[in-house]
Every structure is written in structure tokens, then in C-alpha cells.
Amino acid sequence: MNYQSTRNAALTASSAEAILNGLAPDGGLYAMPALSGLDFDWQRCLTLSTQGMATEILCALLPDFTHAEMEQLVHAAYTGKFETEDLTPTVPVGEDTVLELFRGPTSAFKDVALSMLPHLMTAAKKKCGVDDEILILTATSGDTGKAAMEGFCDVAGTKIIVFYPDGGVSAVQKAQMVTQGGDNTCVAAVRGNFDDAQTAVKQVFAKVGGENLLAGKGVRLSSANSINIGRLAPQVVYYFRAYADLVRRGTVAVGERVDYVVPTGNFGDILAGYFARELGLPVGTLVCASNANNVLTDFLRTGRYDRRRPFYKTVSPSMDILVSSNLERLLYLLSGDDKLIADLMKQLSENGEYEVPADMLEKLHELFWAGFCDDEGAKTAIGKVWKDDHYLCDTHTAVAWDVAQQYKQANPEHNAVVVLSTASPYKFPAAVLEGIGEKAEGDEFDVMEQLHKVTGVPVPKNLADLRSRAVRHRDVIDRGEMLDYVLGKAAAEK
């Protein structure tokens with residue numbers, strides 16, 4: 001089954017082509033129009049190892065790859081790189097379950113997908129007969145950048161450029177990126193916020209594609225953001241992993257629904273849960289948890305998306321987003337109407353807002369619930385979970401935890417609840433330390449040590465030596481300079 005552009009269903013691509021292209025030529029996202037029509041044995045999937053689950057799920061979503069090919073790619077992507085063989089363990093906390101997605105090489109949930117994407121992309125190159133170098137462009141609100149560079153570091157036939165908002169990520173996140181090794185990696189801070197960087201990356205794709213600016217240069221662009229289906233598809237796996245864990249523990253019986261609470265910025269992580277539901281997994285309500293930048297909360301409640309609002313820098317910076325790209329993919333899958341989606345995205349671009357039809361809002365209400373939590377609430381949640389359950393969570397997980405409690409109070413007949421934990425608390429140590437009632441002293445690396453002394457929770461190995469690593473990337477540019485910056489890097493010697 002081919003993928004289609006969300007803005008023009010006539011623009012199709014195989015799954016391998018969709019991975020290579022990242023975005024469709026018209027700026028739309030690639031989507032498979034009939035996920036629920038796939039022949040997929042979800043109950044058998046629950047009996048497999050995590051790598052076995054990944055093989056089955058990715059074969060279903062990316063049908064260009066044979067089972068043997070995918071099995072080999074999955075093995076290469078994950079073996080020996082995560083703290084546990086399960087990749088994403090679950091932990092009972094209070095009456096709920098926390099799904100730990102930060103046990104990979106950069107201590108963030110993006111590792112699950114970005115360990116896999118380079119292998120998918122290099123295999124897709126061969127499958128499509130592409131000899132061009134792949135230049136990956138990625139905008140990051142904090143975690144994607146490091147995870148993407150870690151995944152693509154020195155992968156033959158690729159270069160990667162990461163753009164992050166100057167002053168808009170934590171000190172630990174910045175240190176992870178600017179110390180990144182690899183001859184094919186490049187990082188630049190962009191003056192502005194994440195939405196500025198993400199919008200400019202999309203504009204670079206459109207400009208390069210529309211004017212053939214890289215024609216004949218042996219280079220083509222792709223993306224490692226969740227706008228790329230090869231990045232989104234692997235995230236479906238951990239919804240199955242968590243459900244299987246709950247069945248194994250006796251928390252639910254096979255077939256009983258489970259509610260998932262997801263800290264959400266760009267809407268990719270929660271959209272993976274919708275994909276899991278379409279593949280047959282008994283997903284109940286998908287709870288969208290936002291921080292003070294609560295554009296998604298308002299949208300899911302009212303059907304009106306309005307990015308024209310104050311932008312807040314919060315202690316959960318990976319969620320500091322006002323334009324949630326993957327929402328477009330969901331709206332297309334719910335409506336099947338590419339003309340509607342093209343019109344909505346045009347309204348968003350030109351007017352900063354749009355409103356979905358009433359029947360679509362009804363569908364959204366059947367699938368999703370939404371809430372938000374500000375910085376004060378997040379720190380309170382960190383302290384309460386630590387005091388009550390001796391579990392240390394980061395700021396993004398705290399937002400999700402707080403919203404989970406809101407959801408349960410509003411819906412007493414809720415299903416078993418899984419809260420997705422997206423990052424190690426050591427990526428945001430000052431806010432976490434303050435949350436448990438301690439005063440942070442010194443820089444963030446001093447605070448990491450202080451947090452460890454107070455809690456005894458181990459510091460992840462990949463973060464422990466950050467302070468001593470040499471800074472390799474110092475570029476700071478304006479949004480308007482990004483196209484020239486990309487073209488310059490594309491022309492650099494391979």
C-alpha cells in the first residue's frame with residue numbers, strides 16, 4: 001500500500017520513498033490511508049520480545065521491507081544499545097504505570113525511533129537505487145537533536161544538520177548537542193523559538209524542492225523529525241510493549257482497554273498511540289498532556305487551533321511548541337479529505353488559526369482527552385511522586401502525571417492508566433531538584449551531582465561526563481540564514 005500526501009492524495013510514495021523524502025513534495029506529510037485495514041495479528045504480537053514486536057509492527061507499516069530484512073535492521077538498531085532488553089520498561093507507580101522511554105543512549109524517548117531510522121534510511125536508499133548523499137535536516141525542541149545525531153553519527157552516505165532554538169533548551173540538552181562527535185554532524189542555534197526553527201526547516205524543504213536547488217549536486221534532503229514516517233513508525237512499538245507488560249502482570253486481561261497519558265509537543269508520540277489503536281491494540285483514551293503552551297489542549301477541547309498566543313519558555317522545553325506538525329497527519333487519517341487538510345494548513349500558515357468541522361471534533365472527542373499543567377504544577381507533581389512513591393520523574397513526565405490525575409478525577413470509570421515518561425530527570429536537574437524541595441546550587445552539572453546525592457538515583461552514563469567533553473559546534477544564526485547555511489553544508493566536501 002502506498003503512502004499519500006496529506007494535502008494531495010495523488011502524490012504517492014512507497015514506504016521506502018517516504019522514508020527517504022521525509023516530507024511530500026507539496027509540504028504535506030506522508031500517511032497510509034487505511035491503517036485499520038492492515039492484516040495484523042496484534043494478540044500474537046503481545047507474545048513476542050520487544051525486537052520481535054518491532055519487526056512485526058514495522059513490517060506492517062513499512063511494507064517495502066521483507067520480514068527477514070526488517071528483522072536484521074531491528075537487531076542492528078537495538079542490540080546492546082539500551083539499558084534493558086525490553087528497551088522501554090514499565091514501572092508500577094502508585095495506582096498507575098510509568099512507561100520509561102529514556103533508557104537508550106541519549107536518555108530520551110527519541111532514542112527508540114532514532115536508533116532505528118538510520119538503518120531504515122540506508123536500507124531504503126538501496127531499495128530505491130539512490131546513490132545521492134542524504135542530508136538530514138532536523139529542528140529540535142531539545143531531545144530529537146542529540147538522539148538524531150547519535151543515530152546518524154558517521155553513517156555512510158549521510159550528513160545531518162540540527163537546528164535548535166537559541167536559549168530554548170536546557171543546559172544539559174545543549175551540552176549533549178554541541179559536544180556531539182562525528183564527521184557528518186552539524187549543529188546550529190537559531191535565534192527564535194522552536195516553531196521558528198521548525199517552520200524554517202519546512203520552508204527550506206519547499207524552496208530546495210520547488211527550485212531544484214540541489215539538482216545535479218548528488219545530495220537530497222530528508223528529515224529525522226517525526227514528520228518522517230520512518231521516525232514515527234518505531235514509536236508504535238512501545239505502546240504494545242507496555243500493554244504486554246500489563247497483561248503479564250495481571251493488571252489487565254487481553255482485550256481490556258488501557259488509557260495512555262502522553263506529554264505532547266509536536267504530536268508524534270501520541271499519534272503513535274493512535275497508530276497502535278488502528279493496528280488493533282486495545283487503546284482506550286489517549287490523553288494529551290500539555291504544559292503552559294496549551295494549544296493542543298484548547299484544540300482537542302474546542303476543535304479550534306490557534307497558534308496566535310503567548311509563547312512560554314518552561315521547565316519542560318521539549319513541549320514548548322505552538323505548531324504541532326503531526327496533528328496534520330491525524331486530521332487526514334480521520335477525514336480522508338486531502339482538500340480539507342490542504343485548506344486547514346493554508347489557513348494556519350496565513351491566518352494562524354483554523355477550525356475543524358463538527359463531525360471531526362466528535363471523532364477527536366471519542367479518541368482523546370486533553371489537559372495541561374504549568375511549571376508550578378509540574379514541580380509539585382515531581383515532589384508528590386517522590387514523597388509518595390519514591391519515584392523520580394523529569395519535568396515532562398510530571399506534566400503527564402499531573403494531567404493523568406486530572407483525567408482520572410474527571411473520568412472515574414477510566415481504564416488502567418499508563419503514563420509515558422519521556423526523559424531522564426537528569427536532563428532537567430534544577431527543576432527536578434526544586435520539585436523535591438531542595439535548592440539548586442551552581443550550574444546544571446553541579447546540580448546533577450547534587451540531585452544524585454540527595455536521591456541516590458544513578459546518573460545515566462551518557463550524561464555523567466558531559467561537562468568534560470569539548471564543544472565542537474558553536475554556530476548561531478538567524479532564521480533567515482538557514483537556507484544558505486544548508487546549501488553551504490550540502491556543497492561541502494563529502
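Worth knowing before you read on, the calculation uses all heavy atoms, side chains too, and leaves out hydrogens, waters and symmetry mates.
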| Does a donor on one side chain and an acceptor on the other come within less than 3.5 Å for Ser107 and Ser424? | no
| said: Taking Lys427 first and then Asp143, would you say they form a salt bridge - that is, a charged N and a carboxylate O separated by under 4.0 Å? | reply: yes
| If you measure only the distance, is there a donor-acceptor pair under 3.5 Å linking the side chains of Thr90 and Arg249? | yes
| message | I need the minimum non-hydrogen distance between Thr140 and Pro165, along with the two atoms involved. | response | O-CD, 3.1 Å
| task | Sequence neighbours left out, what passes salt bridge (Lys or Arg N to Asp or Glu O under 4.0 Å) with Glu353? Give chain and number order. | result | Arg304, Arg308
| said: Salt bridge check, Lys379 against Asp375: does any charged N sit closer than 4.0 Å to a carboxylate O? | reply: no
| message | Counting only heavy atoms not in Glu256 (residues, nucleotides, ligands), do more than 12 fall under 6.0 Å from its CD? | response | yes
| Is Glu56 paired with Arg44 through a side-chain N to carboxylate O contact shorter than 4.0 Å? | yes
| Between Gln4 and Tyr332, does any side-chain donor sit less than 3.5 Å from a side-chain acceptor? | yes
| said: Quick test of your reading: applying salt bridge (charged side-chain N to carboxylate O under 4.0 Å, His left out), list the pairs with at least one residue in residues 285-300, sequence neighbours left out, ordered by first then second residue. | reply: Asp298-Arg309
| Least distance between heavy atoms, Asn21 atom then Arg220 atom | OD1-NH1, 3.7 Å
| task | Take Tyr239 and Tyr243 through the ring-ring contact (aromatic ring centres under 6.0 Å, His included) test and state the conclusion after the steps. | result | CA-CA 6 Å; Tyr239 284 87; Tyr243 190 93; over 10 Å; no
| Of all pairs that satisfy side chain to side chain donor-acceptor pair (under 3.5 Å), the ones with a partner from residues 354-363, not counting sequence neighbours | none
| field | Side-chain H-bond candidate by donor/acceptor type, Glu100 with Thr88, under 3.5 Å | value | no
| message | Any side-chain to backbone donor/acceptor pair from Thr55 onto Gln51? Under 3.5 Å, distance only. | response | yes
| message | Assess whether a salt bridge exists between Lys408 and Asp259, defined as any Lys/Arg side-chain N lying under 4.0 Å from an Asp/Glu carboxylate O. | response | no
| query | Distance only, no hydrogens: is a donor on one side chain within 3.5 Å (strictly under) of an acceptor on the other, for Lys110 and Thr144? | reply | yes
| message | Any donor-acceptor pair under 3.5 Å linking the side-chain atoms of Asp26 with those of Asn8? | response | no
| said: Under 4.0 Å between a side-chain nitrogen and a carboxylate oxygen: does that hold for Asp64 and Lys127? | reply: no
| Residue pair Asn293, Thr314: steps toward the side chain to side chain contact (heavy atoms under 4.5 Å, CB included) verdict | CA-CA 9 Å; Asn293 294 294; Thr314 74; 3.9 Å; yes
| task | Check whether NZ of the Lys or CZ of the Arg Lys489 lies under 6.0 Å from the centre of the six-membered ring of Tyr485 and within 45 degrees of that ring's axis. | result | yes
